[in-house]
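Notes follow the structure.
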Amino acid sequence: LLVLSKKKLIWLHKVHHLTTMALVWHAMWSNLPCEIMCMGTNCFVHAIMYFYFARPVRILRSAITTTQITQFLACLTCLTYLLVQRWTHAVSPCQGSHAAEWHGWVNYAVYLVMFANFFVQQYLKKRGEKEGGAGSKNAHAKARARAGDSGAGAVGGEPLLLPKAV
């Protein structure tokens, strides 16, 4: 939808969707036990996201990102449990694979870091900019200039390039 509407995609969006495709294939191919929970929570998050596309409501912007972060934490918990079970030989070798579990764990850890950073940048720092002081927009622009960052990562400061709320 975003590509068809000719919106510029941010790095987080590209990484997340390109790597998720390989992750889902690997998890399904290896019959990873927690994949049903990870896919189910992903469907739930996307149902909220598509509702937002249909009827943009400001509160849903941060709620979508928060729900995605919660999803990644749940998937990491499940995968950690599977890795511990495999390490203690409590899981049958026909359920999933060590490679698929680590593939999922690394992917969800990367997603968690990227989405948590996105949340801080889009919702917490912007709140500080509105309130002024040390977190003001001018102070952030000066800090980015010193670091050589143009600040052009997220287009218009939108979460995953969702449309503006009414």
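Val120 and Met114 fall within a single hydrophobic cluster, where Ile, Leu, Val, Met, Phe, Trp and Tyr are joined by side-chain heavy atoms under 4.5 Å apart, directly or via other members. Val84 and Leu79 are members of different hydrophobic clusters when ILVMFWY side chains are connected at heavy-atom separations under 4.5 Å. In the hydrophobic clustering of this structure, Tyr52 groups with Tyr50; members are Ile, Leu, Val, Met, Phe, Trp, Tyr whose side-chain heavy atoms approach within less than 4.5 Å, directly or through other members. Grouping the Ile, Leu, Val, Met, Phe, Trp and Tyr side chains by contacts below 4.5 angstrom, directly or via other members, places Leu23 apart from Trp29. Cluster membership check: Ile59 shares its hydrophobic cluster with Met49, using side-chain heavy-atom separations under 4.5 Å among Ile, Leu, Val, Met, Phe, Trp and Tyr.
Within the 4.5 Å cutoff, no side-chain heavy atoms of Ser62 are placed close to those of Gln122. Side-chain contact between Asn31 and Gln95 is absent, with no heavy atoms from C-beta onward closer than 4.5 Å. Residues Leu32 and Leu82 form a side-chain contact, since some pair of their non-hydrogen atoms from C-beta on lies under 4.5 Å apart. Side-chain atoms of Cys34 and Tyr81, non-hydrogen and from C-beta on, never get closer than 4.5 Å to each other.
Partners of Met28 by side-chain contact (heavy atoms from CB on, under 4.5 Å), not counting sequence neighbours, listed by chain and number: Val24, Glu35, Met39.
Atom CZ of Phe51 sits about 10.0 Å away from atom CD1 of Ile64, to the nearest 0.5 Å. Rounding to the nearest 0.5 Å gives a distance of 13.0 Å between SG of Cys75 and CH2 of Trp105. Here the CD1 atom belonging to Ile48 is positioned 7.5 Å from the CG atom belonging to Leu60, to the nearest 0.5 angstrom. To the nearest 0.5 Å, the span separating CG on Leu112 from CD on Gln68 amounts to 11.5 Å. The distance from atom CH2 of Trp102 to atom CZ of Arg86, rounded to the nearest 0.5 Å, is 12.0 Å. For the atom pair NZ (Lys125) and CG (Asn117), the distance works out to 8.0 Å, reported to the nearest 0.5 Å.
Contact detail for Leu76 and Ala109: the closest heavy-atom pair is CD2-N, 3.8 Å.
Using the six-membered ring where Trp is involved, Phe115 and Phe72 have ring planes that are perpendicular, over 60° apart on the 30 and 60° scheme.
Panel note: side chain His103, backbone Ala99; no donor-acceptor pair is recorded below 3.5 Å. The main-chain N or O of Thr20 is found under 3.5 Å from a side-chain atom of Tyr111 such that the two form a donor-acceptor pair.
When the shell of 6.0 Å around CD1 of Ile36 is examined, it contains 12 or fewer heavy atoms from other residues, nucleotides or ligands.
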